[in-house]
Participant: 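I'd like to ask you about the structure that follows.
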2 protein chains.
Amino acid sequence: MHQDRPAEPGMPLDEIDTPALVIDLDAFERNLDRMARIAAAAGVAVRPHAKTHKSPVIARLQAARGAVGQCVQKVGEAEVLAWGGVADILVSNEVVGPRKLARLAALSRVCTVALCADGETGVDRAAAAAEDAGLRLTLLVEIDVGAGRCGVRPGPEAVALARRIAGSRHLRFGGLQAYHGRAQHLRSPEERDAAIAAAAAMTGEVVGDLRDIGLACAIVGGAGTGTFAREAASGVYTELQVGSYAFMDADYARNRPAPDFEHALFVLAGVMSVPRPGLAIVDCGHKGIAVDSGPPLVWQRPGVTCLGCSDEHGTLELTAEAQPLAVGQQVLLVPGHCDPTVDRHDWYVGVRHGRVECLWPVAARGAMA
Amino acid sequence: MHQDRPAEPGMPLDEIDTPALVIDLDAFERNLDRMARIAAAAGVAVRPHAKTHKSPVIARLQAARGAVGQCVQKVGEAEVLAWGGVADILVSNEVVGPRKLARLAALSRVCTVALCADGETGVDRAAAAAEDAGLRLTLLVEIDVGAGRCGVRPGPEAVALARRIAGSRHLRFGGLQAYHGRAQHLRSPEERDAAIAAAAAMTGEVVGDLRDIGLACAIVGGAGTGTFAREAASGVYTELQVGSYAFMDADYARNRPAPDFEHALFVLAGVMSVPRPGLAIVDCGHKGIAVDSGPPLVWQRPGVTCLGCSDEHGTLELTAEAQPLAVGQQVLLVPGHCDPTVDRHDWYVGVRHGRVECLWPVAARGAMA
């Protein structure tokens, strides 16, 4: 259930075994620097989302640039980060299973942990787990600010839930989770403006209502790579939960304008068949590169397009003007969606100036419970 | 990079930690029995495709019912199967990387191994790897019988490639790989009839041309769960490379008529949020269940439909007549596509009569190199 290391430090790029998950370290570091600079200028904290990178090593590089902690979606991810040295973790998601809550309570003895709730069952189960463990758990109320997925409606229901948390001697009220996932990939700036303006207004109102009853929101969290500048400027959000900015996937690049980050994550694939001119088949399909947000882009090969992926094969079409591809050659593919692509691999291969500089484990790969 | 065991033998179904990959053992065994019976009656061999199951345990259960060996797509899968006791392995795919070919040559010392080629580069590299290792490798020629992916054109090119293999003192000509992947999911029986009739005719012609020059095809392999009865009846194919029949996914069930196998593979998911009546969010998104062939079906819950999956969430819609779902309840989801779903998990949880009977590792999970 482990993948072999696809490379060793010092190797040239073309000796990496394919398929492999490759980071362009220069571009990646510029992305981290840029986000840190923007957030610092806006006066909001960055709490990057580890659902993208699944790596305590990357978390450390983000912390070195000022990140206040990490977000995760799953208890298993929280464990891997905590065991890898991350000191402050927010599960930006509901956790309702008693086994999972017990694990999270145990984890909160070695680092700062918070989780979200959007209903009474979640609050009561968290309280029971905290009582069992003899400690307090911090809960944020997740409000639905337009994503239409989890989250209580902003308004009296959200306030009642916050009260319920604050009223438990086993819980601590930590603030609001107000992530607008759907807004991230709205293509036009006007649509994104409108969505986040509405989300910030709703969230601000709940923050005010809570203040009126003496409940302060230590965290008001949300935002993603598609909209973060808007949340940062809103005066409502205190933490940006950005993830994809570190890698920049092909789907985010379809936003207008595209977020100002560089493609830094690739799947290196090998050409395994050239059945006829104009067609090349590579050794990576959707088991190795996620296609839920469209097929990958082919990097720096004009005239070469990925038509689609089956389980283990990617089909590339070449125009007559494209430089031909031969069996055994390699191509870099920009994933349509980085997060699930990372989750298909055990190793990041970090590359600089055409050479392998490091290997990092995708330590929380598959941590979905 | 390992997932925890989501259950232990003896547990009732509702104590399994979610999300988890669950096999209905009764249905699964009936599927295996049924395929063995059909193939035996048709007089063709079954060489199941381990790209579906990734498990030496399942390979053993198929061998106990007469399977002659296993197919794989990747060298890493071949290794896991060989190390897990499988005696006869066909890589039904091109392998062109020198490192990969060396691994395959090494493996061929402990079990029977064959691989495919669809061009001179592949043949010559396999010959070089065999020479280096001081042994002979068996190569099949892959012909394109309509899938439009890998494979040489049936006709003189295929014959020339077979000759090249047979002419190398480091290689052995093993036969033809003639899989029509696209035909598997053609919805109407007439379309599937026509596609496989054409594929069998092309393949039969190449078999004849090769016979005329003294080259026998020990293996003529192809077929999948959508069409296998046609290949079996063709008189041309000697081996059926069926995989999905063991589990039966939702997409195959959309064929008319659906293949006569039972849904035996599920992802067990837990309800984590019920933000409003008519909506339930479960703790499994497309990181845990593949959506490349559509969203999952919700098993035995009339009026409940999966609208879609994001990375970690599945969105279920309930009609007014549907039995409501509460936070903490579980649902069984039938994957749209089993193969990539299996590849997202480390453990099969085998269930019979509502209790966990066994855990099996998805041993070749992620083996994509």
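We name chains A, B, ... by the order of the sequence lines, and we start the count at 1 in each one. The basis for the numbers below is simple: all heavy atoms, side chains too, and nothing from hydrogens, waters or symmetry mates.
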Participant: Quick check on B/Thr121 against chain A: is it the side chain, the backbone, both or neither that has a heavy atom closer than 4.5 Å?
Facilitator: side chain

Participant: Sort A/Val152 into side chain, backbone, both or neither according to what part of it lies under 4.5 angstrom from a heavy atom of chain B.
Facilitator: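 Nothing of A/Val152, per the 4.5 Å heavy-atom cut-off to chain B.
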
Participant: Between A/Val96 and B/Val327, what is the shortest heavy-atom contact and its length?
Facilitator: CG1-CG1, 3.7 Å

Participant: Any idea which of B/Pro275, B/Pro340, B/Ala369 has the most non-hydrogen atom pairs under 4.5 angstrom with chain A?
Facilitator: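 If we count pairs closer than 4.5 Å to chain A, B/Pro340 comes out on top.
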
Participant: For chain A, which of B/Arg125, B/Gln73, B/His286, B/His313 has the most heavy-atom pairs under 4.5 Å?
Facilitator: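 With the most close heavy-atom pairs to chain A, the winner is B/His313.
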
Participant: Find the distance between CZ (A/Arg365) and CZ (B/Arg365) and round it off to the nearest 0.5 Å.
Facilitator: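 Nearest 0.5 Å value for the CZ-CZ distance: 4.0 Å.
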
Participant: When rounded to the nearest 0.5 angstrom, what is the spacing between CD1 in B/Ile281 and SG in A/Cys150?
Facilitator: 5.0 Å

Participant: B/Pro6, B/Ala367, B/Gly366: which one forms the most heavy-atom pairs within less than 4.5 Å of chain A?
Facilitator: B/Gly366

Participant: Heavy-atom cut-off 4.5 Å, strictly under: side chain, backbone, both or neither for B/Asp283 against chain A?
Facilitator: both

Participant: Would you compute the distance between atom CD of A/Glu15 and atom CZ of B/Arg99 and round it to the nearest 0.5 angstrom?
Facilitator: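 Here the interatomic distance stands at 8.5 Å.
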
Participant: Is it the backbone or the side chain of B/Arg153 that comes under 4.5 Å from a heavy atom of chain A, or both, or neither?
Facilitator: neither

Participant: List the steps, then state whether salt bridge (charged side-chain N to carboxylate O under 4.0 Å, His left out) holds for A/Lys51 with B/Glu312.
Facilitator: CA-CA 9 Å; A/Lys51 86 190 200 78; B/Glu312 293 91 1; 3.7 Å; yes

Participant: Could you look at B/Asp17 and say if it's the side chain, the backbone, both or neither that has a heavy atom under 4.5 Å from chain A?
Facilitator: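 It is both, since atoms from each part get that close.
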
Participant: What's the spacing between B/Met272 CE and A/Asn93 CG if we round to 0.5 Å?
Facilitator: 3.5 Å

Participant: Tell me, side chain or backbone of B/Arg103 under 4.5 Å from chain A's heavy atoms, or both, or neither?
Facilitator: side chain

Participant: At a heavy-atom distance under 4.5 Å, which candidate from A/Gly76, A/Ser273, A/Cys284 has the highest pair count against chain B?
Facilitator: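 Option with the top pair count is A/Ser273.
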
Participant: For the residue pair A/Arg182 and B/Ser310, establish whether any side-chain heavy-atom pair is separated by less than 4.5 Å.
Facilitator: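 No, every pair of side-chain atoms sits at 4.5 Å or beyond.
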
Participant: Considering only heavy atoms, which portion of A/Arg344 lies under 4.5 Å from any heavy atom of chain B: side chain, backbone, both, or neither?
Facilitator: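 Contact with chain B is through both the backbone and side chain of A/Arg344.
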
Participant: Heavy-atom distances under 4.5 Å only: say whether A/Asp292 touches chain B with side chain, backbone, both or neither.
Facilitator: side chain

Participant: Locate the shortest heavy-atom distance separating A/Gly288 from B/Met368; write the atom from each residue and the value.
Facilitator: CA-SD, 3.5 Å

Participant: Is B/Asp311 in contact with chain A via its backbone, its side chain, both, or neither, using a 4.5 Å heavy-atom distance?
Facilitator: side chain

Participant: Given that the side chain runs from C-beta out, which part of A/Pro98 has a heavy atom under 4.5 Å from chain B: side chain, backbone, both or neither?
Facilitator: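 Neither; nothing under 4.5 Å.
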
Participant: Nearest 0.5 Å, please: how far is OG1 in B/Thr341 from NZ in A/Lys287?
Facilitator: 10.0 Å

Participant: Could you tell me which portion of A/Val95 (side chain, backbone, both or neither) has an atom closer than 4.5 angstrom to a non-hydrogen atom of chain B?
Facilitator: neither

Participant: Which answer fits B/Glu94, side chain, backbone, both or neither, if we ask what part of it has an atom under 4.5 Å from a heavy atom of chain A?
Facilitator: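 When you check distances to chain A, atoms from both the backbone and side chain of B/Glu94 fall under 4.5 Å.
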
Participant: In Å and rounded to the nearest 0.5 Å, what is the CZ to CG distance from B/Arg149 to A/Leu307?
Facilitator: 13.5 Å

